[in-house]
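Worksheet: the structure to be examined is printed underneath.
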Amino acid sequence: MAKRAGTGDLKSGNILVPTRACDDRSVVTPYFICGPTASGKSAIALEMAEKLDGEIVNADAFQLYRGLEIVSAAPSALELARCPHHLYGILDPTESTDAQLYVNLAEPVITEIQARGKTPIITGGSGLYLKFLTHGAAPLPTADAVLRAKMDSQTLEELVLQLIELDPVEASRTALQNRRFVSRALEICILSDQKASDLRDGWEAKTAAISSNLRGIVIQRTRPDLHSRIALRTKTMLDEGAMEEVAALVDVSTNCEKAIGFREIRALLKGEIDRPTCEELINAATRQYAKRQETWFRRETWLTPQVA
RNA sequence: GGCCCGAUAGCUCAGUCGGUAGAGCAGUGGAUUGAAAAUUCACGUGUCGGCGGUUCAAAUCCGUCUCGGGCCA
C-alpha cells in the first residue's frame with residue numbers, strides 16, 4: 001500500500017496511487033471512468049479492463065443495491081461475465097448508505113486488486129462518492145439518524161438561526177436556502193461540539209495536491225446524443241422488467257427509493273399515470289441528473305475528457 | 001351552411017377597467033465532503049394566429065380570414 005507523505009490525518013484518498021517520492025511501480029495506479037448517466041461508461045470500462053488487465057469497481061450509488069439492477073442500469077450478466085466486477089448488488093434495498101461507507105467498502109477491494117497486480121478500473125457517475133474515494137474525507141462526524149429526525153421537524157429558519165449562533169463563519173459560507181447543507185453544518189457542530197468551519201478549514205488545502213497523481217477519463221457527448229440515449233434506455237428498462245423489479249421491492253430504505261424511476265414506476269403500477277407519462281417523467285429526471293453530473297465532473301480537471 | 005368557445009414562451013395555461021405580457025413544467029448555467037440518482041441557486045423578447053379598423057395607446061374593443069373543439073342544421 002502506498003502512503004502519501006504529508007496528508008496527515010486524511011483517512012482516505014491517499015492509498016490509491018504510488019507516491020511520487022518512492023515511485024512504487026509495484027502498485028498499479030487505478031483508472032477512473034466517469035461521465036453522465038447513459039454516456040456509455042460500462043462499455044468503455046470493459047474495453048479498458050481488457051486492455052489494462054483490470055477489474056471493474058463500481059462507483060455508482062444505486063448499483064450498489066441488490067434488486068435494483070434494471071432501474072439502476074447495472075451491468076448485465078453477459079457484461080459481468082467478461083471480467084471481474086466488484087461492489088455491484090452488495091447492499092440490501094432496506095439499507096442506507098453514504099459516501100464514507102462507500103469508501104470503506106471500495107478501498108479494501110481496490111488494494112486487493114492492486115495486490116494481485118491487476119488494474120482497478122473504477123467506473124460510475126456518483127460524483128461525491130468518487131470525490132471521497134480520490135480525495136478523502138474531511139475529519140467530520142458521521143450522520144446521526146436521531147439528530148436528523150429532530151432537525152427534519154424544525155423549520156429551515158430555526159436551523160439557520162441555530163447555525164448562525166453556533167458557527168457564524170460556516171453560516172456565511174453555506175447556501176442558507178439549502179436545507180440539506182444547513183442541517184449538515186449544524187449536525188457537525190452539534191455532534192463534534194466544535195465549529196464546522198474549523199473542522200473543514202484545513203481539509204481543502206490538504207487535498208489540493210492529490211489530483212496530479214490521478215488518472216482517468218470523463219466521457220463527453222452532445223446533449224442531443226445523450227438525451228436520445230437516455231430515452232432509449234428508459235424505454236428498454238420498462239420493456240425489460242423494470243415494473244416487475246419495482247413491484248418486488250416492497251421494503252426499501254428512504255435512501256434507495258430515491259432512485260430515478262422508482263417513484264415513477266410505482267405511480268405507473270398504481271395506475272396514477274400512464275406508460276408514456278411515466279417514460280417522460282423518468283427521461284426528464286434522468287436528463288436533469290445527467291446535467292448535474294456534467295457540472296460536477298467539469299470541476300474534476302484531472303479527468304481527461306473523452307468525446308464519444 | 002348557422003351559432004358558440006378557443007388560438008399568448010418548446011408544453012400547459014394566466015393576463016383586472018385598453019397603458020406593448022408572466023406563472024408552472026421543460027430547457028440552460030452554477031453550487032456541492034458522510035442523504036448526492038439527493039439538495040439547492042440563477043436565467044423568461046414571445047410575429048399575444050393573420051390582415052384591417054377604432055384609439056394618443058390594442059393580447060384586451062370592432063370587422064374579417066385561417067386553424068382547432070363543440071352545438072344546431
Side-chain angles (χ1 to χ4, degrees), chain A residues 10-13 36-38 58-65 68 71-74 91 95-106 124-145 147-149 151-152 156 159-160 170 173-185 187-188 191-192 196-197 199-208 210 222-224 226-227 230 233-234 237 252-265 276-277 280-300:
Chain A
L10 271 187
K11 191 169 179 300
S12 56
T37 186
N58 173 39
D60 182 295
F62 285 80
Q63 290 175 8
L64 291 171
Y65 286 105
L68 204 66
V71 168
S72 70
L91 292 180
E95 292 179 90
S96 277
T97 183
D98 63 57
Q100 184 57 58
L101 194 88
Y102 166 71
V103 173
N104 294 156
L105 293 168
S126 296
L128 184 70
Y129 286 19
L130 282 157
K131 188 73 176 179
F132 266 62
L133 187 60
T134 55
H135 292 73
L140 303 173
T142 302
D144 181 271
L147 179 57
R148 284 192 177 182
M151 289 192 295
D152 283 349
L156 176 60
L159 298 174
V160 168
E170 188 67 7
R173 294 172 182 171
T174 303
L176 298 177
Q177 318 91 320
N178 192 328
R179 195 183 175 91
R180 283 279 176 97
F181 290 1
V182 172
S183 38
R184 175 59 185 154
E187 178 180 63
I188 293 167
L191 293 178
S192 69
S197 54
L199 292 171
R200 276 174 169 165
D201 246 347
W203 175 76
E204 221 157 312
K206 283 179 191 164
T207 64
I210 289 176
T222 63
R223 278 291 160 81
L226 194 60
H227 287 183
I230 287 170
R233 199 182 61 182
T234 304
M237 256 179 212
V252 289
S253 62
T254 54
N255 187 60
C256 188
E257 72 182 9
K258 279 180 303 207
I260 291 173
F262 186 85
R263 282 174 197 283
E264 294 86 348
I265 292 172
T277 305
E280 181 43 35
L281 288 174
I282 293 174
N283 284 337
T286 309
R287 278 183 241 126
Q288 291 165 347
Y289 171 48
K291 193 164 74 68
R292 274 178 266 132
Q293 289 175 300
E294 288 185 333
T295 302
W296 183 289
F297 290 126
R298 232 170 258 153
R299 297 204 312 173
E300 298 298 326

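Every chain is numbered from 1, with letters handed out A, B, ... down the list of sequences.
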Listed pairs, N/O of protein and of nucleotides 35-37 of chain B, under 3.5 Å:
unit_1, atom_1, unit_2, atom_2, d
B:rA35, OP1, A:Arg148, NH2, 3.2
B:rA35, OP2, A:Arg148, NH1, 2.5
B:rA35, OP2, A:Arg148, NH2, 2.5
B:rA35, O3', A:Asn255, OD1, 3.1
B:rA35, O2', A:Arg180, NH1, 2.7
B:rA35, N7, A:Arg148, NH1, 3.0
B:rA35, N3, A:Arg180, NH2, 3.4
B:rA36, OP1, A:Asn255, OD1, 2.6
B:rA36, OP2, A:Tyr129, OH, 2.7
B:rA37, OP1, A:Ser126, OG, 3.0
B:rA37, OP2, A:Tyr289, OH, 2.9
B:rA37, O2', A:Lys258, O, 2.8
B:rA37, N7, A:Asp60, OD1, 3.4
B:rA37, N6, A:Asp60, OD1, 3.1
B:rA37, N6, A:Ser72, O, 3.1
B:rA37, N3, A:Ile260, N, 3.2

Would you tabulate the pairs of protein nitrogen or oxygen atoms and nucleotide nitrogen or oxygen atoms of nucleotides 23-27 of chain B closer than 3.5 angstrom?
unit_1, atom_1, unit_2, atom_2, d
B:rA26, OP1, A:Gln288, NE2, 3.1
B:rA26, O3', A:Arg287, NH1, 3.1
B:rG27, OP1, A:Arg287, NH1, 2.6
B:rG27, OP2, A:Gln288, NE2, 2.8

Exercise for review: Using Watson-Crick or G-U wobble pairs with both distances under 3.5 Å, give me RNA chain B in dot-bracket, 5' to 3', with [ ] for crossers and | for pairs to another strand.
Suggested key: (((((((..((((.....[..)))).(((((.......))))).....(((((..]....)))))))))))).
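A gap of 23 Å separates the P atoms of B:rC43 and B:rA38, to the nearest Å. Straight-line distance between the P atoms of B:rC4 and B:rU47: roughly 30 Å, to the nearest whole Å. Comparing B:rA59 with B:rC48, their C1' atoms are spaced 5 Å from each other, to the whole Å. For the C1' atoms, the distance linking B:rG46 with B:rG30 amounts to 26 Å, nearest Å. The P atoms of B:rC25 and B:rG68 are separated by 32 Å, rounded to the nearest whole Å. Taking atom P in both B:rG24 and B:rU45, one finds a spacing of 14 Å when rounded to whole Å. A gap of 6 Å separates the C1' atoms of B:rG18 and B:rU60, to the nearest Å. Spacing of P atoms, B:rC3 relative to B:rG15, comes out at 27 Å, to the nearest Å.
A:Ala285 meets the side-chain contact (heavy atoms from CB on, under 4.5 Å) test with A:Ile260, A:Glu264; sequence neighbours excluded. In this structure, the side chain to side chain donor-acceptor pair (under 3.5 Å) partners of A:Gln293, at least two apart in sequence or on a different chain, are A:Tyr289. With sequence neighbours excluded, the residues satisfying salt bridge (Lys or Arg N to Asp or Glu O under 4.0 Å) with A:Arg263 are A:Glu257. Not counting sequence neighbours, the partners of A:Arg148 by the salt bridge (Lys or Arg N to Asp or Glu O under 4.0 Å) test are A:Glu187. With sequence neighbours excluded, the residues forming a salt bridge (Lys or Arg N to Asp or Glu O under 4.0 Å) with A:Arg287 are A:Glu280, listed by chain and number. With sequence neighbours left out, A:Arg233 forms a side chain to side chain donor-acceptor pair (under 3.5 Å) with A:Thr37. Residues passing the ring-ring contact (aromatic ring centres under 6.0 Å, His included) test with A:Tyr129, sequence neighbours excluded: A:Tyr102. With sequence neighbours excluded, the residues forming a salt bridge (Lys or Arg N to Asp or Glu O under 4.0 Å) with A:Arg200 are A:Glu170, listed by chain and number. With sequence neighbours excluded, the residues forming a side-chain contact (heavy atoms from CB on, under 4.5 Å) with A:Leu159 are A:Met151, A:Gln154, A:Gln162, A:Arg179, A:Val182, A:Ser183, A:Leu186, listed by chain and number.
Atom pair A:Arg263:CZ and B:rA38:C1' shows a separation of 11 Å (rounding to whole Å applied). Rounding to whole angstrom units, CZ of residue A:Phe262 and C1' of B:rA38 are separated by 16 Å. The separation between A:Leu176 atom CG and B:rU40 atom P is 14 Å, rounded to whole Å. Between the CD atom of A:Glu300 and the P atom of B:rA31 there is a distance of 11 Å, rounded to whole Å.
Take the nearest nucleotide of RNA chain B for A:Lys131 and for A:Gln177: the residue whose nucleotide is more 5' is A:Lys131.
Not one N or O on the side chain of A:Ser192 forms a donor-acceptor pair closer than 3.5 Å with the backbone of A:Pro141.
B:rG49 has its base anti relative to the sugar, with a glycosidic angle deviating from 0 by more than 90°.
A:Met237 places none of its side-chain heavy atoms less than 4.5 Å from the side chain of A:Ile282. No side-chain heavy atom of A:Tyr65 sits under 4.5 Å from any side-chain heavy atom of A:Val71.
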